[in-house]
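Encoded as structure tokens, the structure appears first; notes follow it.
As the structure lists them, so they are numbered: ligands from 1, and atoms in each ligand from 1. We're numbering straight along the sequence, starting at 1.
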Amino acid sequence: MDLGIAGKWALVCAASKGLGKGCATALAAEGVHVVITARGAEALEATAAELRARFPAAQVRTVAGDITTEAGRAAALAACPQVDILVNNAGGPPAGDFRDWSRETWIAALEANMLTPIELIKATVDAMAERSFGRIVNITSAAVRMPYDGLGLSNGARAGLTGFVAGLARQPRLASRNVTINNLLPGPFDTERLRSNTAANADRAGRSFEEAWASRREANPTRRYGHPDEFGAMCAFLCSAHAGYVTAQNVLMDGGAFPGTM
Ligand code: NAP
């Protein structure tokens, strides 16, 4: 299926690895030009080189910087001639007990997982409406549907973004101008973050990484982890010309782990 977005420009935040990289890859495969960001320049350049080699029709630009800072966001926006597609992503907050979190800990989580996406939406969405095309996908978490014990910072900050988006996406001045805003909710995907979180949890519980990794895998109905390419394919579809009637939605990708009927 031709997704009908070749030649568009996408800003894909936090995309040198993992789910962000999966989204950038799927978009570049469609001929979308991408600006990808991450803090670490080495992995970012390696990902850009891989995308350029695999998808010569796509221009690939890199911006090394922290997307949760004003300077990082300004640099990312400046590198993108026009933002037709925005994929919001950043690292997840640390696990822990809320009794140990200071106000600063909360502010950092809100900056990364709620306020940064909102700032980037604010910077791009009205121009999208003027051009009668815009696609925004926020990478959130299955925790929005089913909170994870110990990940209160993520549960809270992402729920805040979700509530905000639910209202904004339905504004007729956006929805009637072919601008969609959706959230993509990952369950367990095989990425560096999930591996390092699993290792830390296993350590705390006195288990081996292998044991903890296998037990989480076996707990999922699919008996496997998701692959970032699968996540990217869903993101690219939500960004496609065909998905103009899908907005204000929370799309859960968790291999069926959420046990509800709907
Ligand atoms: P990952 O494999 O660790 O990749 C994270 C990517 O984001 C890297 O490219 C990293 O590069 C970049 N990044 C992190 N913080 C950044 C910042 N402040 N500014 C710019 N770039 C930044 O993580 P992932 O598993 O793909 O997770 C992506 C998001 O999905 C996270 O918010 C995570 O909590 C959430 N999530 C993941 C899962 C899962 O199973 N994987 C499940 C639920 C939710 P640098 O470190 O070089 O900046």
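- Residue pairs that meet the salt bridge (charged side-chain N to carboxylate O under 4.0 Å, His left out) test with at least one member in residues 106-124, sequence neighbours left out, do not exist here.
- The side-chain contact (heavy atoms from CB on, under 4.5 Å) with Ile139 is formed by just one residue from the set Val87, Leu185, Asn113, Asn183; it is Val87.
- Side-chain contact annotation: Asn220 with Thr222, donor-acceptor N/O pair under 3.5 Å present.
- Using a 4.0 Å cut-off to heavy atoms of Glu192, the atoms of ligand 1 that qualify are 2 (O).
- Of all protein heavy atoms, the one closest to atom 18 (N) of ligand 1 is Asp66 OD1, 2.8 Å.
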Q: Evaluate the criterion side-chain contact (heavy atoms from CB on, under 4.5 Å) for residue pair Trp9 and Val83; output intermediate values, then yes/no.
A: CA-CA 6 Å; Trp9 274 93; Val83 183; over 6 Å; no

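- Looking only at heavy atoms of the protein, atom 40 (O) of ligand 1 is closest to Phe189 N, 2.8 Å.
- Per-residue contacts place Ile139 under 4.0 angstrom from the following atoms of ligand 1 (heavy atoms of the residue considered): 30 (O).
- Closest heavy-atom approach to atom 47 (O) of ligand 1 among the candidates Gly92, Gly40, Pro188: Gly40.
- For ligand 1, the atoms sitting less than 4.0 Å from at least one non-hydrogen atom of Gly18 are 2 (O), 26 (O), numbered in the order shown with element in parentheses.
- Below 30°, between 30° and 60°, or above 60°: for Tyr225 and Trp213 the angle between ring planes is below 30°, a parallel geometry.
- Below 4.0 Å from some heavy atom of Ser141 lie the following atoms of ligand 1, by number and element: 43 (C), 44 (C).
- Glu130 has no carboxylate O lying under 4.0 Å from a charged side-chain N of Arg173, or vice versa, which leaves the two without a salt bridge.
- For the residue pair Arg73/Thr116, the side-chain donor-acceptor check at 3.5 Å is satisfied.
- Contact between Arg158 and ligand 1 is present, with at least one heavy atom of the residue lying under 4.0 Å from the ligand.
- Heavy-atom contacts of Leu19 reach the following atoms of ligand 1: 26 (O), 30 (O), 37 (C) (cutoff under 4.0 Å).
- At the top of the distance list for atom 24 (P) of ligand 1, counting protein heavy atoms only, stands Thr191 OG1, 3.7 Å.
- Using a non-hydrogen distance threshold of 4.0 Å, Ala90 registers as a contact of ligand 1.
- The protein does not reach atom 5 (C) of ligand 1 closely, with no heavy atom under 4.0 angstrom from it.
- Scanning for ring-ring contact (aromatic ring centres under 6.0 Å, His included) contacts around Phe189 gives Phe231, with sequence neighbours left out.
- Comparing Glu111, Arg39, Arg216, Arg193 against atom 1 (P) of ligand 1, the shortest heavy-atom distance belongs to Arg193.
- Closest to atom 42 (C) of ligand 1, if we only count protein heavy atoms, is Gly187 O, 3.2 Å.
- At a 4.0 Å cut-off, not a single heavy atom of Thr116 sits close enough to ligand 1 to count as contact.
- Ligand 1 places these atoms under 4.0 Å from at least one heavy atom of Thr140: 35 (C), 44 (C).
- Arg158 and Thr140 are not linked by any side-chain donor-acceptor pair at a separation below 3.5 angstrom, with hydrogens and angles left out of the test.
- Here the side chains of His242 and Leu3 are in contact, with some heavy-atom distance below 4.5 Å.
- Protein heavy atom nearest atom 29 (C) of ligand 1, with residue, atom name and distance: Asn89 OD1, 3.2 Å.
- Remark: minimum distance from atom 22 (C) of ligand 1 to any protein heavy atom is reached at Ala14 CB, 3.6 Å.
- In this structure, a donor-acceptor pair under 3.5 Å is present between the side chains of Arg135 and Asn178.
- For the pair Cys13 and ligand 1, no heavy-atom separation below 4.0 Å is found.
- When only non-hydrogen protein atoms are considered, atom 8 (C) of ligand 1 lies nearest to Ser16 OG, 3.7 Å.
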